[in-house]
Visitor: 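Right, I'll just put the structure down here and ask away after.
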Amino acid sequence: MFYPEYNKTFAMAEFQDSLAQSITSLRAKAEEAARTIATTDALEKFRIEFLARKGSVGQLFEELKSVPPDVKPKYGKLLNEFRIFVDALYQSAKTKIESTSAETDTFIDLTLPGRGLPLGTRHPITQTLDDIKSIFVSMGFGVVDGPEIEDDYHNFEALNFPPNHPARDMQDTFFLDKDVLLRTHTSPVQIRVMKERRPPLRVIMPGRVYRNEAISARSYCLFHQVEGLYVDRNVSFSELKGTLVAFARAFYGSSLKYKFRPSFFPFTEPSLEMDITCFLCSGKGCRVCKQSGWLEVLGAGMVHPNVLRNVGYDPEEFTGYAFGIGVERTTILRHNIPDIRLLFENDMRFLKQF
Amino acid sequence: MRLSIKWLRQYVQFRISPEDLGQRLTSVGLEVESIEHLGKVFDGFVVGEVIRVRKHANADKLTVCEVDVRRKGTSPASVLQIVCGAPNVQKGQKVAVGLIGAVVPKNQHDPEAQPFVLSKLKVRGEESNGMICSEYELGLGTDANGILVLDETANVGTPLAEYFGLNDIVFEIGVTPNRPDCLSHIGIAREVAAILRKKLAIPKLKIREEKKSNINESISIKIENRRDCARYSARLVTGINVGPSPVWMQTSLKAVGIRPINNIVDITNYVMIECGQPLHAFDYDRIQGKQIVVRSASEGEKFITLDQKEHALSASTLMICDAKKPIAIAGVMGGMNSEISNSTTSVLIESAYFDPASIRKTAKELGISSDAAYRFERGTDPNGTRFAADRAAELMRDLADGKIHKGAVDEYPRKINERNIDVRISQVNRVLGTALVASDVKEYLLPIGIRILKNSKGRLKCIAPTFRPDLEQEIDIIEEIARIHGYANIADKMVSAIDFSGMTTSPDEFHEIRRFLEGSGFSEVVTNSLVDLRMAQMFSDRVVSILNPISKDLSAMRPSSVCSMLQTVSHNNNYGTKDLRLFELGRTYETVRKEEKGHPVPGYAEKEVLALCLSGRREHRGWDSSDKGVDIYDMKGVVEALLNKILLDKFHFIYYDSHSALTEQTIAVEKNGTYVGFLGKVKAELLRKFSIENDVYVSELNVQVLVQSDEGARSYSPSSKFPIVTRDLAFVVERNVLAEDLQRRIVKIGGKLLAQIVLFDIFEGKPLSENKKSLAFSLQLNSSEKTLTEEEVDSVVNGIVADVHNTFGAELRSS
C-alpha cells in the first residue's frame, strides 16, 4: 500500500526531538505488528494498542499538549498524518482477515432456511367481506352497521312480515325475550338507516346474522350478510339489475354468465334471486350446483312500499332497491370449501391456506 | 310442492321437454329444485310372458324358461331363454323381466350388495339372457321367495315403469309463501298456460245428485266464530263402499309423495293436490245431532287427533264440533272420534275457508304440521270451496259407489270479494325501468286470472282473483307484470351519477388494526358468538341467554371474546398446533338496565372488541430460534405497539394488584381516562376447563373506543438537526422499585434535552447484594437549538443521578 502524503511529510521532518523519535519507533513497531495480524483477536489487540483513546498514538497526542505554541501546528499536522497512517495499516489488516475468514474459516450453508417472520393470515370470511365492500364503496355506497340483538319490530314487522305469517318460517329465529331476538338477516339495519336519514340513501350494511337451524355441512347457526340499500327518486328495477351485474362481474369476473329469477321476500317487491353459472363445473352440472349448472348468489328486490311507509317515506315520491349477499356461501364457493363448519373451527391448518 | 307432469297434463297441453318446462317455471318464480324421473330405476325391465318351462338338466332347483318379451326390432329373438331359480314360475305367467344391460336394484343373496348389471351368462351349461325378477330384486317389497307375478292383462313388451304407472316425471318446486295458489296442480297449470300461451282446462263438473234426499234434512252448519271461519261448505255422500282407490289414483298420489289409505281419504287428498283446497271427510254416522258447529275451544279442553295424540287446546283454537263434542281441529287435523273407517258408509265432505293467521297459530301451538294446515295458513281460495266439495263428491260417486245428496250446505257469513286494484302504467315503468304499454300489461295479466275492468288514461282497473291473496296493491300487480314479461327482458341499466352522500365512514375502520396484526404474525379467527350458558357465566353475571337454543352448548351470547379464544386454542392444541398468535374482531354481548341509554334495543349492550391471544413459543420455530414460551411481556409488547400505532402516546397502563377472576398478571388499558380493555395471563383453573396445557395470554380491547378519534390529520413537529449524545447509566436499586417509576423520574429530570430513553438491561445476582437489581438505561440527549457541550451533557446526567439517588436510593453502578 502506498501513502505518498505521509511519506513526504515525514521525510522532511528530521527533528531530533523526542516526539519525532517516538513517531519513528512507533511506526516501525506498528508496521511490524500489522504484518503479523492473522486473527480478529490480534486485530482487536492492534486497535487497542495503537488506536484506542488510550493507545500509543493517543499518548502522542497527549504529549502534543506540552509542545511550544509556535511549532504546535506543525507537530499537530504530523501526528494527524501518522494516525491516518496507522489507521490505514489497521484497515488493510482488517480487510485481509475478513476476506480470508469468510471463505475459509466458516462454512456457510446457504440452503438453510432464512430466519422466519411470523406470517399472519386474514380469515377467508373477512377476505370475502373486504372484497364485496370495496366493490360497493367504489360505486359510491357508504358502510353502516347495526345491532345483532334486535327487536321484532325491526327484524320482522317494519319489514312487512305480518304477525303469524308463514314468511316468518323462512327464517328460524333465536329469541332472547318475547320481542327480542337475534337478527335473522341484516335487513333490520335498512329500517334503522332509513329512519335516521332521508334519501338519497346509498349504503351497504355488512354484519352477522343468526338462524335457529340444525348445524350441518351446509348450514350454521350464524353467518354474515352484506345488505345493500339505495333509495332515491326514480330508482328502478332495471337499475337494480344493472348494479348487481356490475357487482357480480367485478367479483366473479367479467366473463360471468348470470340470470335473474323472481322470488319472494316480504320486504321487497318485485323480488329476485340472482344465479350465476356454476364456476366449478362451468354450468355442466355438479354436486355443488345440484346438477343445475347454476349457483344462487344473492337475493334482492325493490323496497316494498309498505316498508317505505313504515319508515315515513312516501312511496309516491321515493323508490328504492335492496339486496342481500351471503358471505359464507360466497366464500365456500370461491374456495371450494366442502363444509361451512370449517370456517368457524379456526384450525390453523385451514386458516394458513388463505 | 311435488308436481307430477302426468297429472299436470290433464289441465294443460304442451310439447316442450320437462327440462325446458322446469326452466320456464323457474324463470317466473316457481323454482324447480329437482326433476325426478320416477321410472328410471326400471329402465331395461319389461313385461314378459313365460311361454315354456322345463327342468334344468344339471340342477334340481333351476328351471329353463322361454319368455316372450316381444321387443321391437329384435324379432325373431323376441323369445329369450332365461334360467330361473324361483319355485313359483309357471307357464303363462306375466312376469317382470330384466333384459341384458338392465341394473337390478337389489341382490336377494346379499342385502348389502350394490345394484348389479345383468349380462349374458351360462348357468350350468344353459344360456340365460336376462332375469325374471322378484319383488325384492326390483326394490318394490320384501318378498324374495319367488318371482313377482304381474296382472294377467298386462301387455307383453310394455316397459315395467309404464306397467307400474311410473313413467312419470316429478318436479320438486320451491313455492314461496306468497303463492298458495301454486300448491296445487291446477294452480301451476295456470302458470304454465300463461307462460306457454296455452289453454287452461279445468275439469267441468256435472254433479249427479240423488233427487230424493236433500242434504238440508241431514245436516246444518252453525258458525260461531266468523272471524276465523269465513265459509263452511259441505256435501253429503251416502251408501259408500270404503276400499282401496283405483291404481291410477294411488299412483298419482304416490308420485306426489302421499301414501294411499282408502278411497275416501285418497279422494280428499287428490282433490287438495288438484285444486289446493284441503278437504276433510267425516264419518257422518258419528256426527251427533245432525249439526256442525264451528267455534273456539275452551282453554285447556282436551282433544285426540286421528294420529292418536291428545292435545290440550287453547281458547284461540278453532274447532269443528257436532251437537255434543269437538270432532276436528279446524284446518289442522281431524279427530279419532269421527275418522273414516272400513265400515263407514256415509261421508260428510268439509270444504271450508279458515283464517290463515288463526290456523298458523294453532298449528304452531300444537306442533302439528299437516298438508291442510300448510295450505290454510298460506291462504286458500274462499270462493273455491264449492268446486272442491263437488269434485270430491263426484269422485266418491264414481270410485266408492256413493250417492250424493241433493244440494250442499254452504255457510258464508263473511263474504270475501275479489280485490280491485288500480295500476298506473307510468308507475309500472317507473318501478321497473321499462317502457311497457297498456296492451302488453293486459296480455300478461289475463292468463294468470287478473281481469281488467277498465282502461283509461294509462290507468288500469284490475280485479285480482281470490285464489291470489298476495295481490293487495299496485306493487303486487307490478311484480306480476315483471314476472310474466320476464326479468331477462328488463334491461340491466346503471345510472352513473357520482354521489358521495353515502360516504360516511371508511370501508372498514378496523382495517388498520387488521393490517397491523397480520403484519405482526397474528392469524385472524372468526368464532361462534353463541356459547354454553354455564361457561358464559364464568365470564360475566350479565349474560344474554337464548330462550330457544339449538343445544346446551350454544345457549348464550358470549360476554367476552376470551371464551371463544380459549375454544380455538383448545381445538388447535388437540390437533397439534401449540404455537398460536390469534386475533378476532367481533362482538361481545351483555344485558344492561333497561333505562340505560345508547343501546338500540333497551336492556342489551353489544361491544365491538379486539381479542388477542398468544400461546406456545415466542419465536417462529427454526434452526436458530429459542424454545422460550411467550410471557406477559410479549402480550404487552404487542398491545403497546398497536396502541402506539393508532393512538401514539394517548394511553396508559394500570397494573392490578388484585387478580381478576379469569387472569393473573393483569394490566388494564386506559385512553384519556376511558377504560379500553385489559391483557393478562389466563388462570390455570380456567385453562383446565378447556383442557389446555400451555400458558395462554389474552387481551380484549374495546375497538370502538380505540378508533374513536377527535383529532384531524396529525401535525408535523421538526426533528433536531444537531448531534445526539448517548450516555448509558446503570442504577442499582431495591428489587421492588418499579422500572416505570424510575424511568418516569429520569424523564422528568432529564427535561427537554432528554430526547429518548431505553431500558436496555436488567440484572440481578452477584456481585449485587440480595434484594437489589440493576436497571440500565440508555439516554439520548439532544437540543433542537445547538450542539450540546460536554459540560451541558454532564450537568443533565449528574442531575439525574443525584435525583434518583434521593428518590429511590439508586446508586450508579460502577463499571
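Below, chain A is the first sequence line, B the second, and so on; all start at residue 1. All figures in this text were calculated on a predicted structure; none of them were measured in a lab.
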Visitor: Counting heavy-atom pairs closer than 4.5 Å to chain B, which one of A/L182, A/I125, A/D151 comes out on top?
Guide: A/L182
Visitor: So for B/S564, is it side chain, backbone, both, or neither that comes closer than 4.5 Å to the heavy atoms of chain A?
Guide: neither
Visitor: Less than 4.5 Å to any heavy atom of chain A: does that hold for the side chain of B/R587, its backbone, both, or neither?
Guide: side chain
Visitor: Is the NZ or CZ atom of B/R378 positioned over B/Y374's six-membered ring, under 6.0 angstrom from the centre and within 45° of the axis?
Guide: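 Yes.
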Visitor: Is the side chain of A/T243 donor-acceptor paired with the backbone N or O of A/E239 at a distance under 3.5 Å, no angle test?
Guide: yes
Visitor: Report the option among A/Q291, A/H224, A/E213, A/R208 that has the most heavy-atom pairs separated by less than 4.5 Å from atoms of chain B.
Guide: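 Of the candidates given, the most pairs with chain B belong to A/R208.
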Visitor: So for B/N528, is it side chain, backbone, both, or neither that comes closer than 4.5 Å to the heavy atoms of chain A?
Guide: both
Visitor: Using non-hydrogen atoms only, which part of B/E377 is less than 4.5 Å away from chain A: side chain, backbone, both, or neither?
Guide: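 Both parts, heavy atoms under 4.5 Å.
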Visitor: Using the ring of each side chain (for Trp, its six-membered ring), is A/F136 parallel, tilted or perpendicular to A/F247, with breaks at 30° and 60°?
Guide: parallel
Visitor: Based on non-hydrogen pairs under 4.5 Å, which of A/E345, A/K259, A/E150, A/M302 is most in contact with chain B?
Guide: A/E345
Visitor: Anything under 30° is parallel, anything over 60° is perpendicular, the rest tilted; go ahead and classify A/Y220 against A/F344.
Guide: parallel
Visitor: Which region of B/I359, side chain (C-beta onward) or backbone (N, CA, C, O), has a non-hydrogen atom less than 4.5 Å from a non-hydrogen atom of chain A, or is it both or neither?
Guide: neither
Visitor: Hey, which of B/T176, B/V525, B/V601, B/N548 has the most heavy atom pairs under 4.5 Å with chain A?
Guide: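 The answer is B/N548.
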Visitor: Where does the angle between the aromatic ring planes of B/Y575 and B/H571 fall among parallel (under 30°), tilted (30 to 60°) and perpendicular (over 60°)?
Guide: tilted
Visitor: What part of B/V431 gets closer than 4.5 Å to chain A, counting heavy atoms only: side chain, backbone, both or neither?
Guide: both
Visitor: Using the side chain to side chain contact (heavy atoms under 4.5 Å, CB included) rule, take A/F174 and A/R211 through it: C-alpha gap first, then chi angles, then the decisive distance, then the call.
Guide: CA-CA 7 Å; A/F174 286 116; A/R211 298 278 170 92; 5.8 Å; no
Visitor: Would you mind telling me which of A/E269, A/E316, A/R261, A/R349 has the largest number of heavy-atom pairs within less than 4.5 Å of chain B?
Guide: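 Heavy-atom pair counts peak at A/E269.
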Visitor: Tell me, side chain or backbone of B/D470 under 4.5 Å from chain A's heavy atoms, or both, or neither?
Guide: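 When you check distances to chain A, no heavy atom of B/D470 falls under 4.5 Å.
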Visitor: For chain A, find which of B/I546, B/N429, B/L517, B/T568 contributes the most heavy-atom pairs closer than 4.5 angstrom.
Guide: B/I546
Visitor: Measuring heavy-atom distances to chain A, does B/E31 have an atom under 4.5 Å in its side chain, in its backbone, in both, or in neither?
Guide: side chain
Visitor: Taking side chain to side chain donor-acceptor pair (under 3.5 Å) as the definition, give me every residue that meets it alongside A/D172, ordered by chain and number, with sequence neighbours left out.
Guide: none
Visitor: I'd like to verify something: which residue of B/P600, B/G486, B/A357 has the highest number of heavy-atom pairs under 4.5 Å with chain A?
Guide: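 The option with the most such pairs is B/P600.
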Visitor: Just to verify, what does A/E328 make a salt bridge (charged side-chain N to carboxylate O under 4.0 Å, His left out) with, not counting sequence neighbours?
Guide: none
Visitor: For B/R581, is it the side chain, the backbone, both, or neither that has a heavy atom closer than 4.5 Å to a heavy atom of chain A?
Guide: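 Just its side chain gets close to chain A.
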Visitor: Does a side-chain heavy-atom distance below 4.5 Å link B/C182 with B/L30?
Guide: yes
Visitor: Below 4.5 Å from any heavy atom of chain A, which atoms of B/L580 appear? Answer side chain, backbone, both or neither.
Guide: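 Looking at B/L580, just its side chain touches chain A.
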Visitor: Side chain, backbone, both or neither: which part of B/Q473 has a heavy atom under 4.5 Å from chain A?
Guide: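 When you check distances to chain A, only side chain atoms of B/Q473 fall under 4.5 Å.
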